[in-house]
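Predicted model only: the values in this text are computed from it and were never measured. Residue numbers start at 1 and run along the sequence shown.
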Amino acid sequence: MANTDSLNFEATELSNYLGAKNAKALENAFGYTTVGDFLWHFPRRYVEVGELTPITELPFEEHVTVVAQVINVNQRQMHSRRGFIFEVTVSDELSADGQELKMTFFNGYQARTDLQVGTIAMFSGKVGWYQDHLQLSQPEYAILDEASQAEPRPIPNYPASAKMPNKRIRELMAVLKEQFTVENLPEFLPEPVLKSHRFQLRHKAFHDRHFPQETKQAYIARQRFAFEEAFMLQLALAERGRQLGTQHAVARPYAAGQLADKFDAQLPFTLTDEQVAVGEQISNDLKRSHPMHRLLQGEVGSGKTVVALRAILQVIDAGGQAALLAPTEVLASQHYASITKMLGSLADPGLFGEGAGTGVALLTGSAKTAQRKQAILGIASGETGLIIGTHALLGDQVQFAELGLVVVDEQHRFGVEQRDALRSKAGDSLPHTLVMTATPIPRTVAMTVFGDLEISTIKKLPAGRAPIQTHIVPMQLTGFRARLFSRITEEVSKGHQVYIVCPRISDSAAEQGVLLATYEDSAGQTMSVEAMQELLAGMPEFAGVRTEALHSQMDAGDKQDIMDSFAHGDIDVLVSTTVIEVGVDVHNATLMVIMDAERFGISQLHQLRGRVGRGGLPGTCLMTTWLDADHASVGRLKTIESTTDGFELAEADLAERREGNILGVQQSGSKSALRELSIIKDRVLIEQARADVGVLTEDANWARTYPNLLSAAGNWVDEATKEYLNKN
């Protein structure tokens, strides 16, 4: 056994067990340096003899597994590029007549070494067609020795690379197999939890994941490791929540008769029951002397801004300042305009006597020097109670007199460091934090990513919000193409306004040659803002229609001027990219046309659709596509067409995109991630883990009872991920 000194098995360097050469190869291939890194390199699937297909029955274009003997090999150079093709002819071991099949390996150095005439192996790959015969191209394979032929076992299929193929991974893992003991891989999950869910001990789970006697053993082990990750994540989030409870913030209790009450009295509408309930939750958080950390989610137009503004006024009444951080200048300006309009005379500091009003300022990167200087002075002096801005708020020149509340709009558009930089401006006490998002968050994501946040949800739209009708427009049908443009002019003739959203800004000469002369010319090509503008300009029916373009490459001032003109009704049709996706609020806009809608995700489409029907007028969203109705991507559009429930769509969006690193640690520079846990497949496990951690942490002495768990919790995430959890 290798000498590990005082290090535990998983933390030991791979070279201690596999030698320097093999350890270096694994580091080059996957970045692994320790035994633990390599142990978690789990197989993607397992090949069993029961899955084998005779060569005579191979289905075209499907993934198959065959056991065959190599009867001929051949190597030839590639003509169009450097390298060689290694061809292997095999004979079926399952049938007596020995049907043959060809395999091809591009630059198959390892295959050339392994697959000699007479070798029996198991091959897995997709059946293709080449020169009038079936073949497997670049198949995975496993050499079968006499023992495995006599007693077939599932063969693990690992994520591999050209220089670290499956065969070598299996050989290196086999070197570690004898070390899979309870001493080297001690259990740390509480025994009652293991018994409750009938999970095997950790060392046995590692063995069954890499060396199962039958496939079901491997998947039982996989459940255990997925639960382990869910449990450790929930424990980390619970600890994060406990730490928040010990941190200090200045209490900002509700003060009767001040700005908050005056604002409520002048509201021209009645708050919904949900808005009132969420407002009370936030108000109660603010009166505590530890920082609020709340997520407010709600549909586009559900009234989140009103709820946030009431919280802002409570903080200002209690002597603090608030900062609203928006991801774009357009959205920041929109917030400034809508909030100052809602406040009315309450946005004038001192109007009703000392402290009765409050200053509201806008600070963006494009602000002119005088405006910027005035905003910064107002923030520093305390005269400005609410500052609304973009990343410009994070600059060193911006110093708050007493920052009490940070409101972050659309959190997913900010990095961890940016949010933390603003919170750090509060001095010794942490500010309260309210995060808003119009992108509904599936329950499992909320439990894993925002498990330490209190979550408030506004589901119902306020009275006066008209329903939005959504339709797919199949552009390969001439009648639908003509109807699309007449529908736009009809809406304009009613005095309403229209958005046309395109996936791209312009078309280069190399990509498209010339601008499209007619819409028929665009079949199979992605429509751009530039091309659409040119098309509309050439259509007689648009001669009197005021159109304008908007996209992210424009000067910030020009973008704002165009948005202001559209908001004031001076533009009939706005041709834009997704720069209008979030925050743009034009009540007279009733039609949203999304060109080549399959280019957008479910969440984006839902956000774009929410830009219309905001002023009591019925809204319509038309999603165009050149794809056939049975194309997979059209399924996404049908999902949008079938429902306006953002939470249902969020689940569908998650299922389509698959989860990435849900801890978000790509932002923090860490390579750490959840490796087995799937927030799609493992919803039940996540809920079980959350409940189990809740029971565990009710006992203040749990760490003394389970010292191994305490140690594992400290090592579970690396420093970068811990930093992310602490900041988020």
Side-chain angles (χ1 to χ4, degrees), residues 300-301 305 326-341 362-368 371-372 388-392 409-410 413 438 485 488-489 491-507 515 527-539 542-595 600 604 607-615 617 619 621-622:
V300 172
T305 304
T328 66
E329 293 201 359
V330 168
L331 182 52
S333 298
Q334 186 84 40
H335 275 310
Y336 178 75
S338 64
I339 286 175
T340 51
K341 181 179 179 181
L362 174 67
L363 182 60
T364 64
S366 63
K368 293 180 171 59
Q371 178 190 351
R372 181 180 181 83
I388 301 167
T390 57
H391 305 82
D409 197 7
E410 296 300 334
R413 293 167 179 260
F485 291 99
I488 295 171
T489 55
E491 208 64 29
V492 172
S493 68
K494 296 176 184 177
H496 302 156
Q497 291 164 278
V498 179
Y499 294 102
I500 301 179
V501 175
C502 302
R504 56 197 292 186
I505 297 172
S506 62
D507 305 277
L515 290 174
M527 180 56 68
S528 69
V529 170
E530 179 183 331
M532 178 56 73
Q533 274 285 82
E534 188 77 7
L535 281 173
L536 297 181
M539 291 183 177
F542 280 85
V545 176
R546 299 167 297 177
T547 67
E548 189 58 78
L550 179 71
H551 56 76
S552 59
Q553 292 181 3
M554 288 180 167
D555 176 78
D558 292 340
K559 283 191 292 186
Q560 192 57 54
D561 289 343
I562 291 170
M563 277 311 310
D564 289 343
S565 295
F566 189 62
H568 294 149
D570 299 329
I571 296 171
D572 299 316
V573 177
L574 185 65
V575 183
S576 173
T577 57
T578 56
V579 69
I580 56 94
E581 176 187 351
V582 173
V584 177
D585 189 3
V586 178
H587 287 191
N588 192 44
T590 55
L591 178 62
M592 167 65 68
V593 178
I594 306 174
M595 309 305 299
F600 303 96
Q604 264 191 316
Q607 289 289 316
L608 290 169
R609 174 171 60 182
R611 294 300 108 213
V612 296
R614 300 176 65 85
L617 299 170
C621 176
L622 302 178

How many angstroms lie between [atom1] in [X] and [atom2] in [Y], if you round to the nearest 0.5 Å?
X      : Y      : atom1 : atom2 : result
Gln371 : Leu362 : CD    : CG    : 6.0 Å
Thr578 : Gln604 : OG1   : CD    : 5.0 Å
Ser338 : Ile388 : OG    : CD1   : 7.0 Å
Met592 : Leu622 : CE    : CG    : 10.5 Å
Glu530 : Cys502 : CD    : SG    : 11.0 Å
Leu331 : Met563 : CG    : CE    : 10.5 Å

Do [X] and [Y] come within less than 4.5 Å of each other through their side chains, counting heavy atoms only?
X      : Y      : result
Val498 : His496 : no
Asp555 : Ser366 : no
Arg611 : Val501 : no
Ile488 : Leu591 : yes
Phe566 : Leu550 : no
Asp572 : Glu491 : no

Considering all heavy atoms of both residues, which atom of [X] and which atom of [Y] are nearest to each other, and what is their separation?
X      : Y      : value
Thr305 : His335 : OG1-CE1, 3.7 Å
Val586 : Ala567 : CG2-CA, 4.0 Å
Met527 : Ala531 : SD-CB, 3.7 Å
Glu548 : Ile562 : CG-CG2, 3.8 Å
Cys621 : Arg609 : CB-CG, 3.9 Å
Tyr499 : Ala589 : CE1-CB, 3.5 Å

Check: His568 side chain, Asp570 main-chain N or O, donor-acceptor pair, under 3.5 Å = no
Val492 vs Val573, side-chain contact (heavy atoms from CB on, under 4.5 Å): CA-CA, chis, key distance, verdict = CA-CA 8 Å; Val492 172; Val573 177; 3.9 Å; yes
Test of understanding: with side-chain hydrogen bond (donor to acceptor under 3.5 Å, both in side chains), list the residues that count as partners of [X], not counting sequence neighbours.
X      : value
Gln533 : Thr547
Asp564 : Gln560
Thr340 : none
Asn588 : Gln497

task = Can you sort out the partners of Ala392 under side chain to side chain contact (heavy atoms under 4.5 Å, CB included), two or more places apart, ordered by chain and number?
result = Leu363, Arg372, Thr390
key: Pairs involving residues 329-338, ordered by first then second residue, that meet salt bridge (charged side-chain N to carboxylate O under 4.0 Å, His left out) (sequence neighbours left out)   =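 The answer is none; no pair qualifies.
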